[in-house]
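Note on naming: letters A, B, ... go to the chains in the order of the sequence lines (proteins, then strands), and numbering restarts at 1 for each one.
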Amino acid sequence: MRDLQHFDVSGALLDWYDRHAREMPWRVGPAARAAGTRPDPYRVWLSEVMLQQTTVAAVRDYFHRFTTRWPTVAALAAAPDEAVMGEWAGLGYYARARNLLKCARAVSEEHGGQFPDSYEGLIALPGIGPYTAAAIAAIAFDRAETVLDGNVERVMARLHDVQEPLPGVKPVLKEHAAAITPAKRPGDHAQAMMDLGATICTPRSPACGICPLRPPCLARQRGTVADLPRKSPKKPKPIRHGHVYLAQHSDGGWLMERRPDKGLLGGMLGWPGSDWSEAPEPSPPFEAQWRELPAEVRHTFTHFHLILRIHTAPLEVDTAPEGLVIIDKHAFRPSDLPTVMRKAFDLWRGQ
DNA sequence: TATACGTGGTG
DNA sequence: TCACCAAGTAT
């Protein structure tokens with residue numbers, strides 16, 4: 001058994017990555033990268049933002065649709081806000097989509113259409129934080145930046161048997177990660193760390209038997225793998241209630257609202273309704289004989305459970321009440337809605 | 001430092 | 001069924 005001090009962690013990791021790298025639409029694999037192919041910074045940036053707190057499986061189709069519709073950062077910068085929000089619908093964390101547009105426009109208007117090639121330049125852009133700045137700098141620009149995401153945190157916590165809980169111990173894990181960040185192939189190293197965390201050093205049932213870092217792994221030696229990384233206890237999620245109102249005109253148009261940019265589902269299209277609280281007051285957008293559907297929407301957000309009651313009535317007027325909009329029958333696409341709003345529509349459709 | 005911010009898959 | 005989890009950021 002070789003001591004961690006004398007084990008070439010990054011070398012072992014890169015050897016493993018050369019043989020087992022996952023193929024992804026935004027990735028230039030290790031063989032092509034060695035042959036000189038450079039990844040497109042636009043595609044690296046777009047994928048990294050989509051992958052924030054989001055699984056690879058969920059991102060694939062969205063990435064394909066975005067890059068087909070907007071192949072360059074200039075094309076994205078020129079897109080209408082509503083089009084981008086509609087394409088992002090269902091992916092969650094909608095501040096990412098608003099910041100995506102801000103960032104694309106900043107790159108187009110303030111950086112001559114080229115992404116900054118350094119951590120400092122990247123982190124100054126909207127929606128790009130410490131992780132994403134390091135990831136783009138390393139993967140797209142060969143900068144020896146240290147990438148610290150949930151995967152790397154888990155791998156480092158286990159490799160060094162770090163018992164202190166996240167998020168407090170994050171700086172320690174960052175130092176461990178920085179100590180093995182190589183000057184050569186930093187982008188492949190970063191992607192290798194994340195692939196290892198996603199496929200071998202997984203949160204549950206890790207495949208230690210085939211792990212390239214098994215020899216030096218302290219948690220493996222001490223039997224603490226399943227306990228790491230430790231995390232501070234989470235708060236319980238309260239249950240909130242709400243009412244939404246689906247009103248359709250005889251011509252097929254729908255009464256809807258464009259939600260304000262700040263806050264939950266910011267910038268997204270949705271059904272008008274009450275606030276979401278312990279006991280909300282019903283708040284129909286106009287006087288009518290509202291009929292309540294017999295079923296409810298149940299949906300869980302990051303920090304609360306929601307139960308929505310659905311009300312319907314015919315829309316008899318041609319102009320929307322203050323603050324609302326009428327979406328024409330042909331412009332209405334359920335796929336433009338955030339999932340919780342699409343669930344309400346699905347209930348109406350299945351009534 | 002703590003909280004707000006989505007969604008779908010998984011055991 | 002349900003808590004946990006996924007390539008985090010903004011405030």
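Counting non-hydrogen atoms under 4.0 angstrom, A:G197 reaches nothing in the nucleic acid. Within 4.0 Å (heavy atoms only), A:L265 reaches sugar-phosphate atoms of the nucleic acid but no base atom. Note on A:G168: nothing from the nucleic acid sits closer than 4.0 angstrom, heavy atoms only. Counting any heavy atom pair closer than 4.0 Å across all strands shown, A:M24 reaches a base atom. Contacts of A:W26 with the nucleic acid, taken as non-hydrogen atoms under 4.0 Å apart, include base atoms. Within the 4.0 angstrom heavy-atom criterion, base atoms lie near A:V56. Within the 4.0 angstrom heavy-atom criterion, only backbone atoms of the sugar-phosphate kind lie near A:P338; the bases stay farther away. Base engagement by A:R22 is indicated by at least one non-hydrogen atom pair under 4.0 Å involving a base atom.
Atom NE2 of A:H305 has more than 12 heavy atoms from other residues, nucleotides or ligands within 6.0 Å.
The interatomic distance linking A:L264 (CG) with B:dT7 (C1') rounds to 12 Å, in whole Å. Across the protein-nucleic acid pair, A:R96 atom CZ and C:dG8 atom P stand 10 Å apart, rounded to whole Å. The distance from atom CG of A:L148 to atom P of C:dA7 is 12 Å, rounded to the nearest whole Å. If you measure from atom CZ of A:R259 to atom C1' of B:dG6, you get 12 Å, rounded to the nearest angstrom. Distance A:L306 CG to B:dT7 P: 10 Å, rounded to the nearest Å. Summarising the geometry, the separation between CG on A:L173 and P on C:dG8 is reported as 14 Å, rounded to the nearest angstrom. The CH2-P distance, from A:W88 to B:dG6, rounds to 12 Å in whole Å. A:F304 has its CZ atom 10 Å from the P atom of B:dT7, to the nearest Å.
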What nitrogen or oxygen pairs link the protein and nucleotides 2-6 of chain C at under 3.5 Å?
{"residue": "C:dA6", "atom": "OP1", "partner": "A:R154", "partner atom": "NH1", "Å": "2.5"}

Protein-nucleic acid N or O pairs under 3.5 Å, nucleotides 9-11 of chain C:
{"residue": "C:dT9", "atom": "OP1", "partner": "A:G129", "partner atom": "N", "Å": "2.8"}
{"residue": "C:dT9", "atom": "OP1", "partner": "A:G129", "partner atom": "O", "Å": "3.3"}
{"residue": "C:dT9", "atom": "OP1", "partner": "A:T132", "partner atom": "N", "Å": "3.0"}
{"residue": "C:dT9", "atom": "OP1", "partner": "A:T132", "partner atom": "OG1", "Å": "2.7"}
{"residue": "C:dT9", "atom": "OP2", "partner": "A:P130", "partner atom": "N", "Å": "3.4"}
{"residue": "C:dT9", "atom": "OP2", "partner": "A:Y131", "partner atom": "N", "Å": "3.2"}
{"residue": "C:dA10", "atom": "OP1", "partner": "A:G127", "partner atom": "N", "Å": "2.5"}

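By the 30° and 60° cut-offs, the orientation of the rings of A:F286 relative to A:W290 is tilted. Ring pair A:W254/A:W348 is perpendicular by interplanar angle, where above 60° counts as perpendicular and below 30° as parallel. Aromatic ring orientation, A:F115 versus A:Y42: tilted (interplanar angle from 30° to 60°).
Considering all non-hydrogen atoms of both residues, A:V317 and A:I326 come closest at O-CD1, 4.3 Å. For A:P182 against A:A144, the heavy-atom pair with the smallest separation is O-CB, 3.8 Å. Scanning all heavy atoms of the two residues, the minimum distance from A:D149 to A:N151 falls at OD2-ND2, 3.0 Å. The two residues A:P206 and A:T202 come nearest to each other via the heavy atoms CA-OG1, 3.3 Å.
Applying a 4.0 Å cut-off to non-hydrogen atoms, none of the residues of residues 135-145 of chain A approaches DNA chain B.
The separation of C:dT11 from B:dT1, taken at their C1' atoms, amounts to 12 Å, rounded to a whole angstrom. Taking the P atom of each, C:dT1 and B:dG6 are spaced 25 Å apart, rounded to whole Å. For the P atom pair drawn from C:dA7 and B:dC5, the interatomic distance equals 23 Å after rounding to whole Å.
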### Task
Please lay out, stage by stage, how A:D346 and A:K343 fare under the test salt bridge (Lys or Arg N to Asp or Glu O under 4.0 Å).
CA-CA 5 Å; A:D346 288 345; A:K343 282 184 180 177; over 6 Å; no
### Task
Determine, stepwise, if the pair A:R143 / A:D117 fulfils salt bridge (Lys or Arg N to Asp or Glu O under 4.0 Å).
CA-CA 8 Å; A:R143 301 278 189 168; A:D117 64 358; 3.3 Å; yes
### Task
Give the intermediate values and the outcome of salt bridge (Lys or Arg N to Asp or Glu O under 4.0 Å) for residues A:R185 and A:D188.
CA-CA 5 Å; A:R185 303 182 65 190; A:D188 281 350; 2.9 Å; yes
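At least one side-chain heavy atom of A:I180 sits less than 4.5 Å from a side-chain heavy atom of A:H189.
A salt bridge does not link A:R222 to A:D227: none of the charged side-chain nitrogens sits closer than 4.0 Å to a carboxylate oxygen.
Side-chain proximity of A:H303 to B:dA4, B:dG6, C:dA7: nearest is B:dA4.
Put simply, the side chain of A:T302 and the base of B:dG6 share a donor and an acceptor less than 3.5 Å apart.
Both A:S205 and A:T339 lie close to DNA chain B; mapped to their nearest nucleotides by heavy-atom distance, the more 5′-ward contact belongs to A:T339.
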